Amino acid sequence: MIRYFERLPPVLVAIESCGSSHHWARLLQSFGHEVKLIPPQYVKAFVKRGKNDAADAEALCEAVTRPSMRFVPVKSKERQAACMLMTVRERLVSVKSQLSNAFRSYAAEFGIVGPAGRQNVTALIKRVLEDDNLPEMARDLFRLQAEEYAAVEARLAKIEAKLMKWHREDDVSRRIATIPGVGPIGSSMLSMKAPPPETFRSGRDFAAWLGLTPKDHSTGGRQRHGGITKAGDSALRSTLIVGATALLRHIRKGRHKPTPWLASLLERKPPKLVAVALANKFARIAWRLMISGGVYNRPVANMPI
């Protein structure tokens, strides 16, 4: 297949966006071809009937010629390596949570209960390992899990050090991190995973790409808006919502003063809805910083955020 495309004159090639699509797109581009990556859910609408390779190929040919079709930008090797750094961190965080929950559950079966919170896991492990009343087999198994937990923590520390180094060296990530509530993780994910800001006409379009806008199910002039669409990258969207939730927690404790827009929203709406609205605001501000440069400037008291 590679030799075929090498001999083929430059053509338009459509590929469904999948695990290896960016590699093949880069390879075909090196042969002089124009490559368009299309999300699979946008191709499915053009499949007439049945599901086979011929029907999929016909649907791709139809989808790529549509003037309003949205395409996935082809990532470079460096950008994919940066995204891999983030996904490896997510996997290690998940494994660490799994190990801590398992350790707590096993310890509770022997009557050893520690305070909640991941910051208290290390103290619980030490307490369990020093308990002489446990059976020898249980102590060996607890020791094995403690060693595994320590190994995961060490690997996670190395990955986070690499991530912070990448964040400090990336200009876009540093500027986005000036937004209160976003932080280095959220800013790094926005810089790594978001398409070029010129792809979107406005910050609202960027927030819609993240799935932070209401579902629209309107007909006959009657508007019906539901919950957020949850489109786009789920990890990026959840990180922004978690950051917004953390900022609201600081506001409730008096550590951070809300803007007039946020204060009025907190008076009228439930906290979870406010967190999503604030995450939407984060996305819009981040798009503005990516498109125009500069850093976030907190609005004055008589202006909305």
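If you're wondering where the values come from, they're calculated on a predicted model, not measured in any experiment.
A donor-acceptor contact shorter than 3.5 Å is absent between the side chain of Arg7 and the backbone of Ile2. Here the side chain of His33 pairs a donor or acceptor atom with the backbone of Val11 at under 3.5 angstrom. No donor-acceptor pair closer than 3.5 Å links the side chain of Arg237 to the backbone N or O of Leu212. Under a 3.5 Å cut-off, the side chain of His22 and the backbone N or O of Lys75 do form a donor-acceptor pair. Between the side chain of Arg174 and the main chain of Arg168, a donor-acceptor pair closer than 3.5 Å is present. Panel note: side chain Ser234, backbone Lys230; no donor-acceptor pair is recorded below 3.5 Å. Here the side chain of Ser187 pairs a donor or acceptor atom with the backbone of Gly183 at under 3.5 angstrom. Within the 3.5 Å criterion, the main-chain N or O of Val276 finds no donor-acceptor partner in the side chain of Asn280. Of the possible polar contacts, none joining the Trp166 side chain to the Ala82 backbone as a donor-acceptor pair under 3.5 Å is found. Ser76 places a side-chain N or O within 3.5 Å of a backbone atom of Arg79 that can act as its donor or acceptor partner.
The minimum heavy-atom distance between Thr229 and Ala208, with the atom names listed, is OG1-O, 4.4 Å. Taking both residues in full, the closest heavy atoms of Lys215 and Ile228 are given as CE-O, 3.7 Å, listed atom of the first, atom of the second, then distance. Contact between Val43 and Asp56 at its shortest, heavy atoms only, is CG1-O, 4.5 Å.
Around atom CZ of Arg104, more than 12 heavy atoms belonging to other residues, nucleotides or ligands sit under 6.0 Å away. Crowding of Glu6 atom CD: a count of heavy atoms from other residues, nucleotides or ligands under 6.0 Å exceeding 12. For Met164, the CE atom sits in a packed shell: over 12 heavy atoms of surrounding residues, nucleotides or ligands are nearer than 6.0 Å. Heavy-atom contacts from other residues, nucleotides or ligands closer than 6.0 Å to CZ of Phe31 number more than 12. With a 6.0 Å radius and a threshold of 12 heavy atoms from other residues, nucleotides or ligands, Gln119 has its CD atom above the threshold.
When side chains are defined from C-beta on, Val88 counts as touching Met84, because their heavy atoms get closer than 4.5 Å. A 4.5 Å side-chain heavy-atom check between Leu262 and Leu248 finds at least one atom pair inside the cut-off. Annotation: side chain of Thr239 is not in contact with side chain of Leu190 (no heavy-atom distance under 4.5 Å). Contact check for Ser17 versus Lys36: no side-chain heavy atoms found under the 4.5 Å cut-off. Using a 4.5 Å heavy-atom cutoff, the side chains of Thr178 and Leu289 are in contact. Residues Leu266 and Arg252 are not in side-chain contact: their nearest non-hydrogen atoms beyond the backbone lie 4.5 Å or more apart. Proximity of Leu247 to Phe282: side-chain heavy atoms (C-beta onward) are separated by under 4.5 Å at one or more points. Under the 4.5 Å side-chain criterion, counting only non-hydrogen atoms from C-beta, Thr199 is in contact with Pro196.
Aromatic pair Phe103/Tyr149: centroids not less than 6.0 angstrom apart.
Scanning for side-chain contact (heavy atoms from CB on, under 4.5 Å) contacts around Asp132 gives Arg139, with sequence neighbours left out.
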Salt bridge (Lys or Arg N to Asp or Glu O under 4.0 Å) between Arg143 and Glu147, worked out:
CA-CA 6 Å; Arg143 192 177 300 110; Glu147 292 171 358; 5.8 Å; no
Step by step, work out the side-chain contact (heavy atoms from CB on, under 4.5 Å) result for Phe200 and Met290.
CA-CA 11 Å; Phe200 306 98; Met290 287 189 286; over 6 Å; no
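Evaluated for a side-chain contact (heavy atoms from CB on, under 4.5 Å) with Ile15, the options Val64, Leu28, Val74 yield exactly one hit, Leu28.
Remark: Lys165 engages Glu169 in a salt bridge, criterion side-chain N to carboxylate O under 4.0 Å. Between Asp171 and Arg175 a salt bridge is recorded (basic side-chain N to carboxylate O distance below 4.0 Å). The pair Lys48-Glu58 counts as a salt bridge, with a side-chain nitrogen and a carboxylate oxygen less than 4.0 angstrom apart.
Atom CH2 of Trp24 and atom CG of Leu37 lie 13.5 Å apart (nearest 0.5 Å). The structure places OG of Ser238 at 7.5 Å from CD of Glu90, a figure rounded to the nearest 0.5 Å.
Ring-plane geometry between Phe206 and Trp209 is classed as parallel, the angle between the planes falling under 30 degrees on a 0 to 90 degree scale with a further cut at 60.
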